[in-house]
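Labels below follow one simple rule: chain letters A, B, ... track the order of the sequence lines, proteins then strands, and each chain is numbered from 1.
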Amino acid sequence: MASYEQNKLQLYNSLTGKKEVFKTINPGSVGMYVCGPTVYSNVHLGNCRTFISFDMIYRYLRHLGYKVRYVRNITDAGHLTDDADQGEDKISKKARLEQLEPMEVVQRYTIDFHNVMNKFNSLPPSIEPTATGHIVEQIEIIKTIIDKGFAYEKDGSVYFDVIKYNKQHHYGILSGRNIDDMIANTRELEGQTEKENAQDFALWKKASPAHIMRWPSPWGDGFPGWHLECTVMSSKYLGETFDLHGGGMDLKFPHHECEIAQGQAAHGHSPVNYWMHANMLTLNGKKMSKSTGNSILPEELFSGDNDFMQKSFAPSVVRFFMMQAHYRSVLDFSNDAILAAEKGFNRLVEALKIVKTLQSGASSTVDVHAWQKRAYAAMNDDFNTPILIAELFEATKLIHAIAEGKQTITEADLSILTTTMEAFFYDVLGLQDASAAAGEAASNHLDGAMKLVIDLRATARANRDFATSDKIRDDLAAAGIQLNDGPDGTSFTVQ
RNA sequence: GGCGUCUUGGCCGAGUGGCUAGGCACAGGUCUGCAAAACCUGCUACAGCGGUUCGAGUCCGCUAGACGCCUCCA
């Protein structure tokens with residue numbers, strides 16, 4: 001029996017507002033789509049939280065034995081800077097500003113995105129399609145939506161007819177809005193004359209002569225609307241209805257709402273069974289945002305070169321910090337919070353080393369099975385990583401107790417403890433031991449040199465030459481190497 | 001203005017109506033030449049007011065505050 005059959009996974013479905021038992025369309029397989037970044041600038045830490053959250057979800061689904069096809073797009077065209085007719089494509093705007101070819105911008109920031117996600121130990125998706133690679137399919141689906149009567153052409157642009165759609169379906173089903181409220185509360189925007197209604201959104205935009213990124217279409221030269229690419233690429237690679245669609249909370253409306261409308265209009269049924277939304281990462285209590293300057297780049301955090309934090313932090317520490325909060329909660333990033341996370345993270349890393357040195361005994365005085373069950377229960381309850389981490393700390397206490405001989409454990413139980421700890425820490429949470437990543441060869445050389453220094457200090461201490469022994473200890477500490485004196489001798493840790 | 005979410009101990013952060021979340025910090029202890037580190041122990045809070053209930057952090061209402069979306073946003 002596969003692991004996913006034994007674990008009753010429940011997840012919060014944004015569409016219904018409830019936790020639901022996860023039931024896939026095809027047994028054992030999951031089709032999962034997550035809205036990726038618009039590659040017009042470096043991804044900031046807030047962007048990363050969403051992708052790390054869904055990386056964890058992807059990892060846990062795989063851990064449960066599901067075969068997952070994970071599609072995450074790259075938006076390299078079609079994203080307007082505003083919704084008015086003067087709207088300009090984000091990529092081409094950046095290209096103009098930096099005197100670059102649009103695809104040069106795309107290339108630069110796509111590479112940056114991949115580098116950052118790599119450092120966060122985020123697994124690459126199964127398919128990473130681009131909007132510009134699917135212009136033909138987007139034009140085709142626009143034709144279909146026009147044919148079905150849910151879109152109209154106006155002067156080289158095509159708009160989705162939200163009012164007409166809403167007569168048959170509920171536009172606002174995901175975000176909990178209704179069309180009358182939206183109409184009553186629409187802001188007055190200049191240049192909206194083309195649309196029949198302010199709520200209508202663009203499927204295709206006519207390109208002005210100055211617009212760099214443009215493609216021919218039945219309606220003239222232009223470029224696709226932002227919402228369309230996700231509908232096209234998800235249905236192409238996952239089918240017209242698929243299991244799971246994720247993205248940041250800020251995409252719920254209008255982007256995901258429009259995706260539902262487009263899918264429904266084009267294919268006659270709702271595109272997604274489970275909608276999941278990762279919450280925002282805030283800085284100083286406010287949403288991280290490139291445009292307001294209230295953001296921090298991952299690289300600035302890894303290097304320590306920023307105005308917010310007092311030191312640098314390893315990618316796994318940052319990831320651990322995020323995993324300590326539930327993905328649906330707003331999380332505030334601060335110096336104090338990440339410092340606390342780093343210490344806790346180090347304790348877990350240490351426990352993972354100790355667990356490998358434990359000796360098994362004839363009987364177990366600890367209930368490893370109950371513990372393992374609680375750990376899975378936490379994850380099965382809408383991916384509750386904070387509780388999972390609390391259980392990992394509980395296991396840490398057990399490991400110390402066994403190491404000190406206060407508790408005993410059988411070989412079989414020790415095996416469960418070790419593999420479960422490692423599976424959750426490395427495979428599911430996607431964490432890495434920073435010191436191990438630093439390089440085995442270098443650390444072997446350091447080990448040899450440190451053995452010499454530690455021996456010299458031990459000799460000095462034996463001779464009660466504390467001036468020498470303390471100088472060794474203090475100077476090493478200043479160099480970032482901490483000596484740990486214990487009953488069995490001295491070890492060291494690199495800070 | 002509309003819609004929605006949130007307000008938990010010094011800090012971060014989970015909590016399905018009744019049972020200790022967890023981490024950090026702090027205090028005491030063990031170990032140590034002294035420290036540090038490590039480990040052990042301790043630390044019972046739920047914005048305010050009212051209601052439902054045998055019982056509420058957990059449900060309902062009101063008040064205050066914060067945040068998000070409504071415009072590009074992960």
Just the rounded figure in Å: distance from [atom2] of [N] to [atom1] of [X].
X: A:Arg461; N: B:A35; atom1: CZ; atom2: C1'; answer: 10 Å
X: A:Met450; N: B:A37; atom1: CE; atom2: C1'; answer: 14 Å
X: A:Phe333; N: B:A74; atom1: CZ; atom2: C1'; answer: 16 Å
X: A:Tyr171; N: B:C3; atom1: OH; atom2: C1'; answer: 14 Å
X: A:Glu342; N: B:G23; atom1: CD; atom2: P; answer: 17 Å
X: A:Asp475; N: B:A35; atom1: CG; atom2: P; answer: 20 Å
X: A:Lys286; N: B:C69; atom1: NZ; atom2: P; answer: 12 Å
X: A:Leu429; N: B:G23; atom1: CG; atom2: C1'; answer: 14 Å

Check: protein-nucleotides 27-29 of chain B nitrogen or oxygen pairs below 3.5 Å:
none

Need one value for [X]: base, sugar-phosphate or nothing, where a base atom within 4.0 Å counts as base even if backbone is also close, heavy atoms only.
X: A:Gly46; value: base
X: A:Gly285; value: sugar-phosphate
X: A:Leu483; value: base

How does protein reach along nucleotides 8-21 of chain B, written 5' to 3' as B (base within reach of a heavy atom under 4.0 Å), S (only sugar-phosphate), or - (no contact)? ----SSSS-----B

Any salt bridge linking [X] with [Y]? Criterion: basic side-chain nitrogen under 4.0 Å from a carboxylate oxygen.
X: A:Arg214; Y: A:Asp89; answer: no
X: A:Arg59; Y: A:Asp55; answer: yes
X: A:Arg374; Y: A:Asp367; answer: no

Earlier contact from the 5' end, RNA chain B, for A:Glu350 and A:Gly176: A:Gly176

Quick check: on RNA chain B, is the nucleotide nearest A:Arg464 upstream (toward 5') of the one nearest A:Cys48, or the reverse? Name the residue that is more 5'. A:Arg464

Could you label the plane-to-plane angle of the A:Phe424 and A:Tyr60 rings as parallel, tilted or perpendicular, counting under 30° as parallel and over 60° as perpendicular? parallel

Picking from B:A74, B:G33, B:A35, which would you name as closest to the side chain of A:Thr38? B:A74

From the list B:C72, B:A74, B:A25, which nucleotide is the closest neighbour of the side chain of A:Lys343? B:A25

Partner set under side chain to side chain donor-acceptor pair (under 3.5 Å) for [X], not counting sequence neighbours:
X: A:Gln324; value: none
X: A:Thr292; value: none
X: A:Glu257; value: A:Ser175
X: A:His326; value: none

List the atom of A:Ile91, the atom of A:Ala77, and the distance in Å for their closest heavy-atom pair. CG1-N, 4.0 Å

For the student: nearest non-hydrogen atoms of A:Val43 and A:Pro37, plus distance: CG1-CB, 4.1 Å

Gap in Å between the two [atom1] atoms, one belonging to [N] and one to [M], rounded:
N: B:G51; M: B:C11; atom1: P; answer: 30 Å
N: B:C26; M: B:G10; atom1: P; answer: 15 Å
N: B:C60; M: B:U20; atom1: C1'; answer: 29 Å
N: B:C6; M: B:C59; atom1: P; answer: 9 Å
N: B:A64; M: B:A27; atom1: C1'; answer: 36 Å
N: B:C12; M: B:A47; atom1: P; answer: 14 Å
N: B:G4; M: B:U44; atom1: P; answer: 38 Å
N: B:G28; M: B:A35; atom1: P; answer: 13 Å

Assess whether one donor atom and one acceptor atom, taken from the side chain of [X] and the base of [N], lie less than 3.5 Å apart.
X: A:Arg473; N: B:C34; result: yes
X: A:Asn346; N: B:G23; result: no
X: A:Asp470; N: B:A35; result: no

Counting only heavy atoms not in A:Gln359, do more than 12 sit closer than 6.0 Å to its CD atom? no

Quick one: salt bridge (Lys or Arg N to Asp or Glu O under 4.0 Å) partners of A:Arg177, sequence neighbours excluded? none

Listed by chain and number, what are the salt bridge (Lys or Arg N to Asp or Glu O under 4.0 Å) partners of A:Asp475, not counting sequence neighbours? A:Lys471

Side chains of residues 392-402 of chain A: which donor-acceptor pairs under 3.5 Å do they make with residues two or more places apart or in other chains?
residue  : atom : partner  : partner atom : Å
A:Thr396 : OG1  : A:Leu392 : O            : 2.8

Tell me which residues in residues 250-260 of chain A put a heavy atom below 4.0 Å from RNA chain B, sorted by number, or none. A:Asp250, A:Leu251, A:Phe253

Of all of residues 396-406 of chain A, which get a heavy atom below 4.0 angstrom from RNA chain B, listed by number? A:Lys397, A:His400, A:Glu404

Is there ring stacking between A:Phe393 and B:G23, where the centres must be under 5.5 angstrom apart and the planes under 30 degrees? no

For RNA chain B, the expected dot-bracket line (Watson-Crick or G-U under 3.5 Å, [ ] crossing, | inter-strand) is (((((((..(((.....[...))).(((((.......)))))....(((((..]....))))))))))))....

Polar contact flag, side-chain donor to acceptor under 3.5 angstrom, [X]-[Y]:
X: A:Asp382; Y: A:Tyr327; result: yes
X: A:Thr282; Y: A:Asp332; result: yes
X: A:Thr75; Y: A:Asn73; result: yes

Checking salt bridge (Lys or Arg N to Asp or Glu O under 4.0 Å) for the pair A:Lys451/A:Asp455: CA distance, chi angles, key distance, verdict? CA-CA 6 Å; A:Lys451 185 178 184 309; A:Asp455 284 349; 3.2 Å; yes

Can the positive tip of A:Arg72 be found less than 6.0 Å from the middle of the six-membered ring of A:Tyr33, inside 45° of the ring normal? no

Do any side-chain nitrogens or oxygens of A:Arg347 fall under 4.0 Å of OP1 or OP2 in B:C39? yes

So, is A:Lys290 near the phosphate of B:C72, with a side-chain N or O under 4.0 Å from OP1 or OP2? no

